[in-house]
Structure formats: structure tokens, C-alpha cells
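First the structure, in the form of C-alpha cells, and then the observations on it.
Just so it is clear, the values below take in all heavy atoms, side chains as well, and ignore hydrogens, waters and symmetry mates.
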Amino acid sequence: MFLSLPVSSPKWLSFCTALLNSILCCVVFLIFDLLDAVFCVIYRYLDERIEGEPSPCCCSHRARQKKMNVTDDDDGVSDSLYERKNIFREMGFLQFGRKREDSNRKYGRDGEKSVKSWSDCGCESCLSWVNDESDYKLHFVVKEPLMASDENLSGSPFENVIFLHGFLCSSSFWTQTVFQYFPDEVNHEYRLIAIDLLGFGKSPKPRDCLYTLKDHVEMIEKSVVHPLQLSSFHLVAHSMGCIIALALAAKYPECVKSITLVAPPYSSSEGNDACINALSKLAGKKLWSPLSFGSSFMSWYEHLGRTVCLVYCRNHRIWESILQFITCKRNLHFLTIDLTRHTHHSAWSSMHNVICGGAKFVDSYLSILTRVGVKITVIQGDKDQVVPMKCCSNFKLKAPNAQINVIPNADHGTVLFGREKEFASSLEHIWASSC
């Protein structure tokens, strides 16, 4: 009788492992729920004491946020900001210490426009944009085509390519990688434009911005498309930048010659809970792998994420000095530098309002681009733990003419890193074939 029990059965072990993981996951994230609620109260107190008024947060119900200056239903603000489940929020714990309704604060104690919070870094690099005109614009890097002929010198049209980076990156993601591997033919015929998206790198990081898709697209128009008079262009984007690229392309479908999307975080917009579904699919609460855990931690917990930024991003110069000492390197890798070049508000809002909020709009963008016939190429690593391979399958259903290139043994980063020359060659082929 006892010998027949499947004590060593793989199914039994798998069930126990899954059960233990589920219990541990519930306990860990329940603790995070409590800590996030506690830090909400702490930061409200500190903000009010230091700045004279508590900073608005996303812990109150969405209906309360409608009292802000944004009132229309299609404001581009993701429901995932306000509908993230937190048992302590549902219990009303977060109402402790709230003396007034949240407001979309734009000005500091003395009436001057507030450009930074006490918990943000105030170094010259992070605030370099503040010294510019009040009508600020994005920072971008242009690699002009080599004028090798009189035809070029006479103003003959050349191809423009706009590069958009992903989350917690900057234009360096492109300038320090594939830009260096383009052959002379590309360098003579194409103008390469790498942009620091709003809130990242050396671009402005305003506190009075919601960092919606509309905000990002309008800043690209204002800073690049209009000043450079781009009547046609190619688009290349990675991760979060893919959603912004699709939004920009859908606004200028007749101007876009090709779109290359690297690891696009696509989530179908079917149903009324598109934003929450996108959050669960792309940053679900998981303990493993470390990348998945970090993604869920920073996506679900606003105030715990702010604490991480307070410790790491605000003091990035100290951490960079420590890393330089340990590694004996004067110049750190550009990804290490880019990781801190944002505020918690810009990163938190962009992540939700672009990646999750974009789920409401991407299908309509794809419909427009498919109808016009824009060439779309998706490059995806089969080992990507951030954007599952299923996203490619769903993408193909909405954009049947899109070409899907799966890179074996590549993840969210190595889909580009380590294969820059091959990637540059594939871009050259895509641009040439779309002319």
C-alpha cells in the first residue's frame, strides 16, 4: 500500500514546488504591500515638511485623480497606476495622514516652478536642462551623413533614421553600439538621430508632466521632427521605445519608410482591463528570475521604488565612484550611467503610461500602419525574460505583414549586445529594401 504512493513522482514534486512558490510569493508581496503603504505615509510627511506640500501619488482611487487638471477619458493615463491591487489600500490604511485631496502640483513653496524633488538628484548633469530656455526640448545626438559628393553638398535628400531607446536607457544605447558598425555606404546616405526620451538621459525631467504617450510624441515632434524638418524617416526602437515609435509612426504614417522594433513589449488591448492585463503579463508578481522580480517590484510599488531611487539614483555619483574604484576603470559602461539618469516620477510614469497605457492604443496604431503598408520588422530574442515570445505571436496577428526575426539564445539585452555588427547589417538591409 505504502509502496504505491508516488512519493518520488516528478508531478508530486512539481506540485509541491509550485505550491511552496505560490505561498512564498503571496507572503513576500503581502509584506511589500504593507511596506509600500507605510512609505506612502512617510513620504507624504517628508514632502510636506521639506517642500510645503505633499507630492501627488497614485495611491488614491482613480476617481479622485479625475479632479486633477486632466479630465478626459482618453487622457493617456494608464489604469495600472491606480488599480494595482493592494489589500491595505482597500482597507483604507492609506487614508491615514491625508489632510487634503491630491492635486497635480506644479509649483513649489515660493511659487517658482519646481523642477526637482528633495529626493531627486540635483547634480549638474541631471539638471543641465534647467539652465536652458523655459521652452525646453529633448537632448539628441545627430550623426550627419558624410558629404562625399557635390550632390550631397547641393542639398540632395538623404535618409533620416530616428533611434529610440528603451526603459532606463538613453541615446547612448545606440551611439555606443550600432552607430560604430555602420559601413561607409550608410554613413554617406543616412542621417542618424538618437534621442534621449523625455525624463531620461540628458533630456528634461519635469515634475508637472504625466509622461504619457502623447507627451513623449509631442516632445519628439517639438525637438526633432519639426526643427530638422523631417519629411520622411525610418524608425528603430528598443523595448519601451517601440511603443513610442508606433505612436509616432501612426501620427505620420505617410512619412515613415520603415519601422524596426527590437523586443517590443506588446500586449493585446482586448477588454476593458487592457492596462492591468499588460502590467500582469509584462511585470507580473514573480520571485524568479531576479530580472522578473526586479521588474515586478519596481512596477507595482510606487513608494518602495521611490526609496530605491532615493538610495541609488540620488547618490549615483557616490556609487559611480565606488564602482570606478572597485573596477579600476575611469569610464564606466554607459548602461551603468544611464541607469540613474532619471527621476522616480519620470521612470514610474513612463513605465505605466507608455508600456501599460500603450496597450489601449497599439492595436489601432498597427491597423493604421498596416493599412498604409509601412514595412514593420520585429527582432526578438528567444530567451527574453522581459518580453515573452508570445508577444511576437500576438503582434503577428495584429500586423500580418510584419516580419518577425527571432534571434536564438538572445535575451532582452543580448538581442543587440554582442551582435552589433550583425544588427547594423540587418538595419542596412531593411532600409535599402524599403526605399
Have [X] and [Y] got a donor and an acceptor in their side chains that come within less than 3.5 Å?
X: Gln385; Y: Ser292; result: no
X: Thr343; Y: Ser346; result: yes
X: Asn187; Y: Glu185; result: no
X: Asp33; Y: Tyr301; result: yes
X: His412; Y: Ser239; result: yes
X: His352; Y: Ser80; result: yes
X: Thr212; Y: Asn353; result: no

May I ask you to establish whether [X] and [Y] are in a cation-pi arrangement, using a distance under 6.0 Å from NZ or CZ to the six-membered ring centre and at most 45° from the ring axis?
X: Lys222; Y: Tyr136; answer: yes
X: Lys285; Y: Trp300; answer: yes
X: Arg306; Y: Tyr43; answer: yes

Given side chains that start at C-beta, do those of [X] and [Y] come closer than 4.5 Å, heavy atoms only?
X: Leu198; Y: Pro206; value: yes
X: Leu164; Y: Ile162; value: yes
X: Cys391; Y: Asp384; value: no

State whether the side chain of [X] and the backbone N or O of [Y] hold a donor-acceptor pair below 3.5 Å, judged by distance alone.
X: Gln380; Y: Val262; result: no
X: Gln180; Y: Val178; result: no
X: Lys205; Y: Gly201; result: yes
X: Trp288; Y: Phe293; result: no
X: Asn315; Y: Leu310; result: yes
X: Ser367; Y: Asp363; result: yes
X: Ser349; Y: His345; result: yes

Once the angle between the rings of Tyr252 and His226 is folded into 0 to 90°, is it parallel (under 30°), tilted (30 to 60°) or perpendicular (over 60°)?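 Plane angle over 60°, so perpendicular.
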
If the plane angle is over 60° it's perpendicular, under 30° parallel, otherwise tilted; pick one for Tyr190 and Trp431.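 Taking Trp431 first and then Tyr190, their aromatic rings sit tilted (interplane angle of 30° to 60°).
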
Audit row: Arg191, Val161, side-chain contact (heavy atoms from CB on, under 4.5 Å) steps and yes/no: CA-CA 6 Å; Arg191 176 165 61 175; Val161 187; over 6 Å; no

Euclidean distance, [Y] [atom2] relative to [X] [atom1], rounded to 0.5 Å:
X: Ile193; Y: His234; atom1: CD1; atom2: NE2; answer: 11.0 Å
X: Asp196; Y: Ser172; atom1: CG; atom2: OG; answer: 7.0 Å
X: Ile220; Y: Leu230; atom1: CD1; atom2: CG; answer: 11.0 Å
X: Leu282; Y: Ser295; atom1: CG; atom2: OG; answer: 8.0 Å
X: Ile42; Y: Asp47; atom1: CD1; atom2: CG; answer: 11.5 Å

Yes or no on side chain to side chain donor-acceptor pair (under 3.5 Å) for Thr414 and Asp411, after CA distance, side-chain angles and deciding distance? CA-CA 5 Å; Thr414 56; Asp411 58 25; 2.7 Å; yes

On a heavy-atom basis, which atom in His342 and which in Leu339 lie closest, and how many Å separate them?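 Scanning both residues completely, I find the closest heavy atoms to be NE2-O, 2.9 Å.
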
Before giving the answer on side chain to side chain donor-acceptor pair (under 3.5 Å), spell out for His216 and Ser350 the whole-Å C-alpha distance, their side-chain angles and the decisive distance to 0.1 Å. CA-CA 9 Å; His216 282 283; Ser350 292; 3.2 Å; yes

Decide, yes or no, whether a salt bridge links Arg341 with Glu320 under the criterion of side-chain N to carboxylate O below 4.0 Å.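 Salt bridge flag = yes for Glu320 with Arg341.
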
Between Ser55 and Arg207, is a side chain to side chain donor-acceptor pair (under 3.5 Å) present by the stated rule, with each step listed? CA-CA 10 Å; Ser55 298; Arg207 296 183 67 190; 3.1 Å; yes

Can you tell which of Phe423, Phe163, Trp174, Phe173 makes a ring pair (Phe, Tyr, Trp, His ring centres under 6.0 Å) with Phe179?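 That would be Phe163; it is the only one of Phe423, Phe163, Trp174, Phe173 passing the ring pair (Phe, Tyr, Trp, His ring centres under 6.0 Å) with Phe179.
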
Other residues, nucleotides, ligands: >12 heavy atoms within 6.0 Å of Lys251 NZ: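 Yes, the 6.0 Å shell around NZ holds more than 12 heavy atoms from other groups.
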
Answer yes or no: does atom CZ of Phe417 have more than 12 heavy-atom neighbours from other residues, nucleotides or ligands under 6.0 Å?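 Yes, CZ of Phe417 has more than 12 neighbouring heavy atoms, counting only those of other groups under 6.0 Å.
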
